[in-house]
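In what follows, a structure is listed as structure tokens, so that the remarks can point back to it.
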Amino acid sequence: MLTLASKLKRDDGLKGSRTPAASTDSTRRVSVRDKLLVKEVAELEANLPCTCKVHFPDPNKLHCFQLTVTPDEGYYQGGKFQFETEVPDAYNMVPPKVKCLTRIWHPNITETGEICLSLLREHSIDGTGWAPTRTLKDVVWGLNSLFTDLLNFDDPLNIEAAEHHLRDKEDFRNKVDDYIKRYAR
């Protein structure tokens with residue numbers, strides 16, 4: 001099976017032996033994004049949290065992948081949460097676009113899948129937004145942390161969920177458990 005990584009290696013080998021007139025579609029230039037992704041995906045797979053799995057539906061398209069987070073502690077323990085990640089052409093100058101595909105009751109993720117995580121913002125007031133020095137590994141670890149230490153009730157995207165937690169923690173936990181049983185198995 002031809003993967004983007006093998007294509008990059010093959011293209012690098014052809015650079016020295018190729019004449020300008022011999023250029024074809026199969027040896028056309030690879031984008032900066034794709035070159036970065038080959039390195040970053042290898043680093044990501046070597047440093048993946050034990051609660052995460054990455055799946056590439058098409059191994060030739062490293063810019064589109066799915067992440068599964070299965071928290072092993074906290075409110076969301078026992079759930080399986082799917083995220084879709086798309087890395088734009090302008091990466092690494094702009095952050096990847098991430099959406100939660102699993103319906104969830106969470107203060108930082110809406111029921112429609114929008115995510116409040118500062119490193120996914122191109123511009124962030126607190127200075128912790130996206131920067132070209134960030135990588136996919138940072139994104140995956142950040143998403144994983146939304147279920148533990150980055151769970152933030154003080155600056156919510158889903159205000160209703162945050163207010164529910166403030167009003168009645170036990171009922172909040174029950175609703176989270178209900179959502180996990182219904183949507184996150």
Side-chain angles (χ1 to χ4, degrees), residues 1-6 33-34 36-89 91-92 94-122 124 128-130 134-153 155-158 160-162 164-165 172-185:
M1 172 190 310
L2 178 67
T3 64
L4 184 57
S6 62
R33 174 198 66 186
D34 290 343
L36 278 171
L37 289 178
V38 169
K39 291 178 190 168
E40 287 191 22
V41 166
E43 179 189 358
L44 172 64
E45 289 177 335
N47 297 290
L48 203 58
C50 63
T51 55
C52 295
K53 287 190 170 99
V54 177
H55 172 68
F56 293 89
D58 182 343
N60 290 309
K61 294 182 179 178
L62 297 181
H63 63 279
C64 295
F65 65 91
Q66 293 173 344
L67 170 70
T68 303
V69 178
T70 310
D72 59 3
E73 62 179 292
Y75 286 117
Y76 300 93
Q77 183 176 6
K80 187 184 271 188
F81 304 94
Q82 304 286 330
F83 294 88
E84 181 178 72
T85 303
E86 187 171 325
V87 181
D89 289 334
Y91 182 80
N92 69 346
V94 297
K97 301 202 179 322
V98 182
K99 182 175 182 166
C100 184
L101 302 176
T102 307
R103 194 164 172 199
I104 185 172
W105 190 243
H106 193 291
N108 309 115
I109 304 172
T110 66
E111 290 185 81
T112 57
E114 298 165 58
I115 300 165
C116 179
L117 183 62
S118 61
L119 71 85
L120 293 176
R121 287 190 220 133
E122 201 165 341
S124 179
T128 59
W130 185 257
R134 296 209 183 259
T135 65
L136 291 179
K137 182 178 80 167
D138 299 322
V139 172
V140 169
W141 280 85
L143 290 168
N144 186 58
S145 294
L146 279 177
F147 296 97
T148 55
D149 54 325
L150 288 183
L151 182 61
N152 186 351
F153 294 98
D155 184 23
L157 181 60
N158 183 344
E160 190 179 347
H164 186 191
H165 180 265
F172 174 84
R173 178 178 289 282
N174 290 337
K175 187 162 185 174
V176 167
D177 288 343
D178 181 53
Y179 271 53
I180 289 172
K181 287 175 187 152
R182 292 166 73 188
Y183 309 113
R185 292 286 177 186

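Numbers here are sequence positions counted from 1. This one's a predicted model, so the numbers in the text were calculated from it and none came from an experiment.
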Open item on the list: Could you check whether Y75 and H165, counting side-chain N and O atoms only, form a donor-acceptor pair closer than 3.5 Å?
Closed with: yes
Task: Minimum side-chain heavy-atom gap Y91-E40 below 4.5 Å - done: yes
Task: Side-chain heavy atoms of I115 within contact of L157, under 4.5 Å - done: no
Open item on the list: I need the H55 NE2 to T68 OG1 distance, nearest 0.5 Å.
Closed with: 9.0 Å
Task: Any D58 side-chain heavy atom under 4.5 Å of C64 side chain - done: no
Open item on the list: Does the plane of the ring in F81 sit parallel, tilted or perpendicular to the ring in Y76? Use 30° and 60° as the thresholds.
Closed with: perpendicular
Task: F65/F83 under side-chain contact (heavy atoms from CB on, under 4.5 Å): CA gap, chis, key distance, verdict - done: CA-CA 9 Å; F65 65 91; F83 294 88; over 6 Å; no
Open item on the list: Just verifying a value: how many Å separate H63 NE2 and T85 OG1, rounded to the nearest 0.5 Å?
Closed with: 12.0 Å
Open item on the list: Would you say that E73 contacts T148 through its side chain, given a criterion of any heavy-atom pair below 4.5 Å between the two side chains?
Closed with: yes
- [ ] Identify the two heavy atoms, one from N108 and one from L150, that lie closest to each other, and give their separation to 0.1 Å.
- [x] OD1-O, 3.8 Å
Task: Intermediate values then yes/no, side-chain contact (heavy atoms from CB on, under 4.5 Å), Y179 and R103 - done: CA-CA 7 Å; Y179 271 53; R103 194 164 172 199; 3.6 Å; yes
TODO: Supply the atom-to-atom distance I104 CD1 to Y183 OH, rounded to the nearest 0.5 angstrom.
DONE: 12.5 Å
Task: Ion pair check, D178 and R182, cut-off under 4.0 Å - done: yes
Task: Residues E86 and K97 bridged, charged N to O under 4.0 Å - done: no
Task: Contact check, side chains of L37 and D34, non-hydrogen atoms, under 4.5 Å - done: yes
- [ ] Output the distance between atom CG (L67) and atom SG (C52), rounded to the nearest 0.5 Å.
- [x] 5.0 Å
TODO: Looking only at non-hydrogen atoms, find the nearest pair between V54 and F56 and report the distance.
DONE: CG1-CE1, 3.4 Å
Task: Intermediate values then yes/no, side-chain contact (heavy atoms from CB on, under 4.5 Å), F172 and D177 - done: CA-CA 9 Å; F172 174 84; D177 288 343; over 6 Å; no
Open item on the list: Minimum heavy-atom separation for C116 and R121, please, with both atom names.
Closed with: SG-NH2, 3.3 Å
Open item on the list: Return the CG to OG1 distance between L101 and T112, rounded to the nearest 0.5 Å.
Closed with: 11.5 Å
Open item on the list: Show, in sequence, the C-alpha distance, side-chain angles and deciding distance for L151 and H106, and conclude whether the side-chain contact (heavy atoms from CB on, under 4.5 Å) test is met.
Closed with: CA-CA 8 Å; L151 182 61; H106 193 291; 3.3 Å; yes
Task: Donor-acceptor pair between T110 and N158 side chains, under 3.5 angstrom - done: no
Open item on the list: Show the nearest heavy-atom pair for residues P96 and L120, with the distance to one decimal.
Closed with: O-CD2, 3.9 Å
- [ ] Answer yes or no: is there a donor N or O on one side and an acceptor on the other, between the side chain of R33 and the main chain of V87, under 3.5 Å?
- [x] yes
TODO: Looking only at non-hydrogen atoms, find the nearest pair between W105 and A161 and report the distance.
DONE: CZ2-CA, 3.4 Å
TODO: Drop me the distance from I109's CD1 to C100's SG, to the nearest 0.5 angstrom.
DONE: 5.0 Å
Task: Close side-chain approach of T51 and P71, heavy atoms under 4.5 Å - done: no
Task: Side-chain ion pair, E43 and K137, N-O less than 4.0 Å - done: yes
Task: More than 12 heavy atoms from other groups under 6.0 Å of NZ on K80 - done: no
Open item on the list: Could you report the tightest heavy-atom contact between C50 and D72, atom names first, then the distance?
Closed with: SG-OD2, 4.4 Å
Open item on the list: Please check: side-chain N/O of W141 versus main-chain N/O of N47, any donor-acceptor pairing under 3.5 Å?
Closed with: yes
- [ ] Would you check if there is a donor-acceptor pair between the side chains of Q82 and T102 at a distance under 3.5 Å?
- [x] no
